[in-house]
Amino acid sequence: MNVRPLQDRVLVKRIEAETKTTGGIIIPDNNKEKPSEGEVMAVGAGYRLQDGTIRALDVRAGDRILFGKYAGTEVKVEGLEYLIVKEDDILGVVER
């Protein structure tokens, strides 16, 4: 894959949510919500500050992140679905 996000954007692969609840109830496809958790695949260089310097992003490729329900733009690259979000739309990094 040769996608390089620009500025403060991040390429994210959604992590699919569980299809069963903890009680064992299977969730039908029409009731599933889009997952709001994903893995960072690539990051941009950062954004330019007023003095002209570039501030690097806080996330890196491989980080597991949480993002808003309606954040980002969905894109298809080589048949796979990804999401491009701005760093401001990322709510947090999941620590392992």
Side-chain angles (χ1 to χ4, degrees):
M1 173 179 58
N2 293 325
V3 176
R4 182 177 51 92
L6 299 177
Q7 299 174 356
D8 65 335
R9 289 177 176 79
V10 178
L11 184 70
V12 178
K13 181 178 180 182
R14 288 185 192 262
I15 296 174
E16 292 302 319
E18 292 292 320
T19 57
K20 258 199 245 183
T21 64
T22 53
I25 298 172
I26 297 175
I27 302 170
D29 287 339
N30 58 356
N31 278 352
K32 286 185 195 173
E33 289 188 13
K34 289 185 178 180
S36 59
E37 187 174 343
E39 181 182 352
V40 176
M41 304 306 287
V43 297
Y47 59 91
R48 192 170 303 278
L49 300 174
Q50 287 183 348
D51 64 1
T53 60
I54 294 178
R55 185 182 85 66
L57 302 182
D58 292 330
V59 295
R60 296 178 192 67
D63 283 351
R64 196 170 184 151
I65 61 167
L66 301 172
F67 50 88
K69 190 180 212 177
Y70 301 106
T73 303
E74 293 179 352
V75 294
K76 241 183 187 179
V77 179
E78 297 177 358
L80 299 174
E81 290 187 15
Y82 294 97
L83 191 66
I84 294 182
V85 299
K86 290 188 131 212
E87 186 185 35
D88 290 344
D89 293 335
I90 296 173
L91 303 174
V93 177
V94 178
E95 299 289 333
R96 295 186 182 142

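Every heavy atom of this structure was used, including side-chain atoms; hydrogens, water molecules and symmetry mates were not. Residues: numbered from 1 along the sequence shown.
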May I ask whether [X] and [Y] are part of the same hydrophobic cluster, defined by side-chain heavy atoms of I, L, V, M, F, W, Y residues being less than 4.5 angstrom apart, directly or through others?
{"X": "Tyr70", "Y": "Leu91", "result": "no"}
{"X": "Leu66", "Y": "Val93", "result": "no"}
{"X": "Leu6", "Y": "Val3", "result": "no"}

Audit row: Phe67, Val10, side-chain contact (heavy atoms from CB on, under 4.5 Å) steps and yes/no | CA-CA 11 Å; Phe67 50 88; Val10 178; over 6 Å; no
Output a table of donor-acceptor pairs, distance under 3.5 Å, between side-chain atoms of residues 54-62 and any protein atom two or more places apart or on a different chain; print 'none' if there are none.
residue: Arg55; atom: NE; partner: Tyr47; partner atom: OH; Å: 2.9
residue: Arg55; atom: NH2; partner: Tyr47; partner atom: OH; Å: 3.3
residue: Arg55; atom: NH2; partner: Glu87; partner atom: OE1; Å: 3.1

Shortest non-hydrogen separation from Asp89 to Gly72 and the atoms involved |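 Answer, listing the atom of Asp89 first, then Gly72: OD2-N, 4.1 Å.
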To the nearest 0.5 Å, how far apart are [atom1] in [X] and [atom2] in [Y]?
{"X": "Leu83", "Y": "Arg14", "atom1": "CG", "atom2": "CZ", "answer": "5.0 Å"}
{"X": "Glu95", "Y": "Asp63", "atom1": "CD", "atom2": "CG", "answer": "8.0 Å"}
{"X": "Lys86", "Y": "Arg9", "atom1": "NZ", "atom2": "CZ", "answer": "5.0 Å"}

Taking only residues two or more places apart in sequence, or in another chain, which ones meet Thr73 in a side chain to side chain donor-acceptor pair (under 3.5 Å)?
->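 For Thr73 there are no side chain to side chain donor-acceptor pair (under 3.5 Å) partners, ignoring immediate neighbours.
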For Asp51, check side chain to side chain donor-acceptor pair (under 3.5 Å) against everything at least two apart and list the hits.
->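 Checked Asp51 against side chain to side chain donor-acceptor pair (under 3.5 Å); matches are Thr53.
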Residues forming a side-chain contact (heavy atoms from CB on, under 4.5 Å) with Arg64, sequence neighbours excluded =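 So Arg64 forms a side-chain contact (heavy atoms from CB on, under 4.5 Å) with Ile15, Glu37, Val94, Arg96.
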